[in-house]
> 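Take this structure first; my questions come after.
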Amino acid sequence: MAEKFELRDVIAIGRTFDEYCRMFNLTFTRLKGAAILDAGGGVSSFTAEANGLGLNVKSADHIYGFSPRELESKSAVDLAEMLSKIDEIRDNYNWDFYGNSTGLAQYRENARAGFIADYKLNRAPRYVNTGFPWTVFTGGEFDITIMSHLLFLYDEHLDYGFHADTVAELLRITREEVMIYPLFNLRWKKSLFVDRIMGDARFTKARFTVKKSGFEFVKGADEYLSIMP
Ligand SMILES: C[S@@+](CC[C@H](N)C(=O)[O-])C[C@H]1O[C@@H](n2cnc3c(N)ncnc32)[C@H](O)[C@@H]1O
């Protein structure tokens with residue numbers, strides 16, 4: 001039995017608006033009128049779909065220097081790698097939402113297609129080529145910042161210093177709430193960095209709350225971290 005989901009690096013696969021809303025219990029009422037950042041948005045279609053609904057969302061990622069064609073092909077390679085491994089570790093996942101790996105692939109392909117179409121049309125205003133931990137954004141530029149599938153998940157690729165500096169940056173650029181999901185790593189266990197961040201003396205002014213998520217793909221990964229700056 002595999003001990004972890006073995007990935008060479010952080011991969012460029014994306015999720016949809018529907019999946020984000022489930023992960024972070026987002027409602028239209030909560031999002032309406034807010035300046036929102038999808039931090040590490042990658043090839044997710046959250047920003048594209050949200051703007052289509054009249055919401056004010058930008059996405060930040062250090063891959064946005066690449067062309068639509070380059071991102072499409074990198075994401076296709078990464079998705080194929082992920083799918084080639086998923087069946088042998090399928091028991092670590094709860095398949096109620098996706099049904100099976102074909103259903104999962106469909107969501108990832110829909111996300112990529114939605115992202116690529118919008119990236120071709122609205123790259124300059126919506127997709128900001130910037131890297132964590134230090135971004136180009138001004139202090140308090142966003143009301144809400146959402147981070148899906150980057151911090152905590154990749155705790156073997158990204159060290160504690162990166163995690164703490166990135167949380168500090170998210171808090172600097174956000175006025176109301178930072179949300180991070182999942183809290184589990186690629187070993188399908190809660191990352192030890194979650195408690196370490198919550199107890200870090202750098203963040204004594206911030207209010208941390210672990211909240212129940214409406215989404216659970218990795219078994220047990222049904223929580224997200226809410227941080228009020
Ligand atoms: C697994 S993908 C998740 C994408 C999206 N948030 C979602 O859940 O669908 C992780 C993303 O984080 C981005 N990323 C990794 N390290 C980063 C960094 N230092 N600064 C900005 N983005 C980064 C990657 O380029 C990739 O697009």
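When a ligand or atom number is given, it counts from 1 through the structure's own listing order. Just so we're clear, the structure is a prediction, and the values are computed from it rather than from any experiment.
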> Please tabulate, one line per pair, the protein nitrogen or oxygen atoms found under 3.5 angstrom from a nitrogen or oxygen of ligand 1, with distances to 0.1 Å, or say none if there are no such pairs.
residue: ligand 1; atom: 6 (N); partner: Tyr20; partner atom: OH; Å: 2.9
residue: ligand 1; atom: 6 (N); partner: Gly40; partner atom: O; Å: 2.8
residue: ligand 1; atom: 6 (N); partner: Ser148; partner atom: O; Å: 2.8
residue: ligand 1; atom: 8 (O); partner: Arg15; partner atom: NH1; Å: 2.8
residue: ligand 1; atom: 8 (O); partner: Ser148; partner atom: O; Å: 3.3
residue: ligand 1; atom: 8 (O); partner: Ser148; partner atom: OG; Å: 2.5
residue: ligand 1; atom: 9 (O); partner: Arg15; partner atom: N; Å: 2.7
residue: ligand 1; atom: 9 (O); partner: Arg15; partner atom: NH1; Å: 3.2
residue: ligand 1; atom: 16 (N); partner: His62; partner atom: NE2; Å: 3.4
residue: ligand 1; atom: 19 (N); partner: Phe132; partner atom: O; Å: 2.9
residue: ligand 1; atom: 20 (N); partner: Phe132; partner atom: N; Å: 2.8
residue: ligand 1; atom: 25 (O); partner: Asp61; partner atom: OD1; Å: 2.7
residue: ligand 1; atom: 25 (O); partner: Asp61; partner atom: OD2; Å: 3.4
residue: ligand 1; atom: 27 (O); partner: Asp61; partner atom: OD2; Å: 2.7

> Between Asp200 and Tyr160, does any side-chain donor sit less than 3.5 Å from a side-chain acceptor?
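On atom types as modelled, these side chains qualify, holding a pair under 3.5 Å.
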> Are Asn110 and Thr16 close enough that a side-chain donor and a side-chain acceptor fall under 3.5 Å?
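Checked: Asn110/Thr16 side chains show no N/O donor-acceptor pair below 3.5 Å.
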> Scan side-chain atoms only and decide if Arg123 and Tyr119 contain a donor-acceptor pair under the 3.5 Å cut-off.
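Their side chains do contain a donor-acceptor pair, which is all the 3.5 Å distance test asks for.
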> Centroid-to-centroid, His62 to Phe132, below 6.0 Å?
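Between Phe132 and His62, which both carry aromatic rings, the centre distance is not below 6.0 Å.
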> Will you find, in the side chains of Glu19 and Tyr98, an N or O donor that is under 3.5 Å from an N or O acceptor?
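Yes, a side-chain donor-acceptor pair sits under 3.5 Å.
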> Please step through side chain to side chain contact (heavy atoms under 4.5 Å, CB included) for the pair Val128 and Val136, ending with a clear verdict.
CA-CA 9 Å; Val128 183; Val136 297; 3.7 Å; yes
